[in-house]
2 protein chains.
Amino acid sequence: MARVRVFVQAGDPISAVGLASYIRAQPGMLVVPSRLPADADVALTVTDRVSADFLGALTKAAQAAPLPTVVATDHVDPEQAPSLHRCRVVALLPRSAATSSRLASAVMEAATGGAVTSLAEQADNLRREIAGPDGAMLAPRELTVLQLMADGHDTPEIADIMACSDRMVKSIILSATKRFNVHNRVHAVACALRAGLI
Amino acid sequence: MARVRVFVQAGDPISAVGLASYIRAQPGMLVVPSRLPADADVALTVTDRVSADFLGALTKAAQAAPLPTVVATDHVDPEQAPSLHRCRVVALLPRSAATSSRLASAVMEAATGGAVTSLAEQADNLRREIAGPDGAMLAPRELTVLQLMADGHDTPEIADIMACSDRMVKSIILSATKRFNVHNRVHAVACALRAGLI
DNA sequence: AACTGCGTTCGACGAACGCGCAACGCGTTT
DNA sequence: AAACGCGTTGCGCGTTCGTCGAACGCAGTT
C-alpha cells in the first residue's frame with residue numbers, strides 16, 4: 001500500500017482540523033476530502049461520547065462508504081458497545097490523551113486490518129484509562145438504585161423491586177451521595193448519567 | 001499591533017492542534033508556545049461545556065497570566081454565566097459551528113478590546129444557535145431549572161439563582177413533568193440528560 | 001472468647017417535594 | 001369595559017426525602 005488515505009470526520013470543525021493536522025503530519029498518510037469518502041482506506045472520527053446518536057450517524061456514513069473506523073472518544077455508553085462492530089469500528093482511543101503516535105498506529109493497524117483487539121476489551125481499557133481507578137467504585141446495589149431512580153421510580157417502588165425496605169434504599173442513596181460528594185439524589189443520578197455509569 | 005499572539009488551550013490534544021491550525025492559518029496571528037502564556041495577547045480555549053470545573057481551570061490559568069479569553073463551546077451552565085467575566089472571558093463561540101472567520105474575528109476583537117457584547121447575551125445566542133429549533137420543545141426557564149437540578153441544587157437555591165419564588169420553580173418543574181409525562185424531577189433530569197438537552 | 005471495624009438494617013424527625021386551589025397583574029380579544 | 005388566557009405567587013396538605021443514631025451480623029485481630 002502506497003499511502004494510507006484517511007477520511008476524517010468530527011462533530012465540530014475544530015476537532016476536524018485537529019485530526020487532519022495529525023494525519024497530515026504523518027509521512028505515510030494523507031487526508032482525503034470530505035466529499036470523497038469512497039477514496040479512503042480508513043475513517044477517523046472523534047466524539048465526546050459514543051452514544052446512540054453518534055453511532056446512528058456513523059451507520060449512515062458507513063452505508064455511503066463502508067470503511068474500517070478509528071474512534072477517538074472519552075466515553076463509550078455501555079449499551080452501545082455491542083453495536084460498535086456493526087459500524088465497522090476497529091479501534092477506540094482516549095480522546096483526552098490522543099498522542100500523535102497512538103493515533104498513527106491505530107490508523108495504520110485499521111488500514112492493514114491487523115491486530116484487531118476485542119472491542120469490548122478496548123472499551124474497558126478506555127474506561128479505565130479515562131475514569132481512572134474511581135470508575136469501579138460503585139457497588140452493584142448503588143448502580144441498581146441509580147438506574148431505577150433515573151427511570152422515575154421513587155423510594156418505595158425501588159424498595160419493592162429490590163425486595164428490601166424503604167430505609168435500606170435511602171441508606172444506599174445516602175452512602176452513595178456522601179461517597180461521591182454530591183448534594184442529593186438528583187445530583188447523583190445526573191453525575192452517574194454524565195459519567196456514563198448508567 | 002504587529003501580530004496578535006494567541007495562547008491556545010484545550011482539554012484534549014486533538015482540539016488543541018485544531019485551534020492552533022486555525023490561528024496559524026490567519027496572516028495576522030501566531031500561536032505562542034504553551035510554556036509562555038505571558039507572551040500572549042489573547043487566550044483561546046475550547047471545551048465541551050462551561051462547567052464549574054472548566055472555569056476553575058481557567059481561573060488558575062488566569063492567575064499565571066491574565067489574558068482576555070475567547071471560549072469555543074457548545075454549552076454554558078447557567079449558574080456559571082456570572083463567573084465568566086471574572087475569568088476574563090470576553091467572547092463565546094459555538095464550538096460545533098466555529099468557522100475560521102468567526103474564530104478570527106472573535107480573537108481579533110478580544111485582542112483589541114473592542115465591541116464587547118454582554119456575556120449573558122452571548123450565552124443566550126449560543127444556546128439558541130446550538131439547540132436549534134428542537135430546543136424549542138422546552139421553554140428556556142425549564143431548561144435552566146433542569147440544568148440547575150442536575151447540578152445538585154434544590155428548590156430554594158434555584159429560586160434564588162433565577163430570582164423568583166420557590167412556588168414558581170415548583171410550577172415550572174410541575175408543568176415540565178406533566179408535559180413530558182415523567183414521574184418526578186429525578187426522572188425529568190435523567191430524560192433531559194439522555195436526550196442531550198442539557 | 002472478647003474486641004474492633006465495617007457494612008447492613010431499621011426507627012424517627014425535620015426539611016423538602018408533589019400538587020391542587022385561589023388570587024393578582026397584564027396583555028389580548030370581543 | 002368586560003372577558004379571557006397566561007404567567008406568577010401564595011397557602012396548605014399529604015407524601016417523600018435527607019439524615020442522624022442505634023442495633024445487628026460478620027470478617028479479622030489480639
Side-chain angles (χ1 to χ4, degrees), chain A residues 133-195 197-198, chain B residues 52 77-79 81 120-121 124 127-128 131 133 135-195 197-198:
Chain A
D134 340 331
M137 287 284 283
L138 337 78
R141 292 183 302 354
E142 292 174 346
L143 229 160
T144 307
V145 171
L146 255 352
Q147 286 171 333
L148 291 171
M149 281 195 295
D151 289 337
H153 299 286
D154 59 11
T155 305
E157 285 173 349
I158 297 173
D160 194 48
I161 294 172
M162 295 181 69
C164 64
S165 70
D166 322 25
R167 330 287 199 273
M168 193 51 223
V169 175
K170 291 206 226 172
S171 279
I172 296 169
I173 298 171
L174 181 62
S175 72
T177 53
K178 283 184 117 60
R179 198 143 48 76
F180 291 125
N181 207 32
V182 292
H183 295 144
N184 49 44
R185 62 175 65 196
V186 188
H187 198 189
V189 169
C191 288
L193 233 23
R194 283 183 176 143
L197 285 84
I198 54 177
Chain B
D77 289 356
E79 54 186 332
E121 191 180 330
D124 283 346
R127 263 192 283 277
R128 219 169 298 122
M137 293 292 287
L138 311 103
R141 288 172 286 90
E142 292 173 346
L143 230 165
T144 306
V145 170
L146 287 174
Q147 286 170 337
L148 291 171
M149 281 196 295
D151 288 336
H153 298 286
D154 59 12
T155 306
E157 286 173 349
I158 297 173
D160 195 47
I161 294 172
M162 296 182 67
C164 65
S165 69
D166 321 25
R167 325 291 175 182
M168 194 53 221
V169 175
K170 290 199 209 177
S171 278
I172 296 169
I173 299 172
L174 181 62
S175 72
T177 52
K178 281 184 118 62
R179 199 142 49 75
F180 291 123
N181 209 31
V182 292
H183 296 145
N184 49 41
R185 61 175 65 195
V186 187
H187 199 190
V189 168
C191 289
L193 232 23
R194 287 208 249 247
L197 289 97
I198 56 175

Report task. Check every strand shown and say whether A:S175 touches a base, only sugar-phosphate, or nothing at a heavy-atom separation below 4.0 Å. Result -> nothing

Result for side chain to side chain contact (heavy atoms under 4.5 Å, CB included) between B:L148 and one of B:V169, B:L143, B:I158 points to B:I158

Residues pairing under salt bridge (Lys or Arg N to Asp or Glu O under 4.0 Å) where one sits in residues 150-163 of chain B, two or more places apart or in two chains, turn out to be A:R194-B:D151

Rounded to whole Å, CD1 of A:I158 lies from C1' of D:dC17 at a distance of 12 Å

Separation of D:dC11 atom C1' from B:M168 atom CE, nearest Å, is 16 Å

To the nearest angstrom, the CD1-P distance between A:I172 and C:dG7 comes to 13 Å

- prompt: Given the rule in the side-chain contact (heavy atoms from CB on, under 4.5 Å) test, do A:E142 and A:R179 qualify, once you have shown the distances and angles that lead to the verdict?
  reply: CA-CA 11 Å; A:E142 292 174 346; A:R179 198 143 48 76; 2.6 Å; yes

Under a 4.0 Å heavy-atom criterion, the protein footprint on nucleotides 16-22 of chain C, written with B, S and -, is -BBSS--

CD of B:Q147 to CE of B:M149, rounded to nearest 0.5 Å, is 10.5 Å

Rounded to whole Å, CG of A:D166 lies from P of C:dT9 at a distance of 13 Å

- Message: Regarding A:C164, tell me which of base, sugar-phosphate or nothing describes its non-hydrogen contacts under 4.0 Å with the strands shown.
- Response: nothing

d(A:I172 CD1, A:R141 CZ) to nearest 0.5 Å is 5.0 Å

| When you check the phosphate oxygens OP1 and OP2 of D:dG7, does a side-chain N or O of B:R141 lie under 4.0 Å from one of them? | no

The side chain to side chain contact (heavy atoms under 4.5 Å, CB included) partner of A:V145 among A:T155, A:I173, A:I161 is A:I173

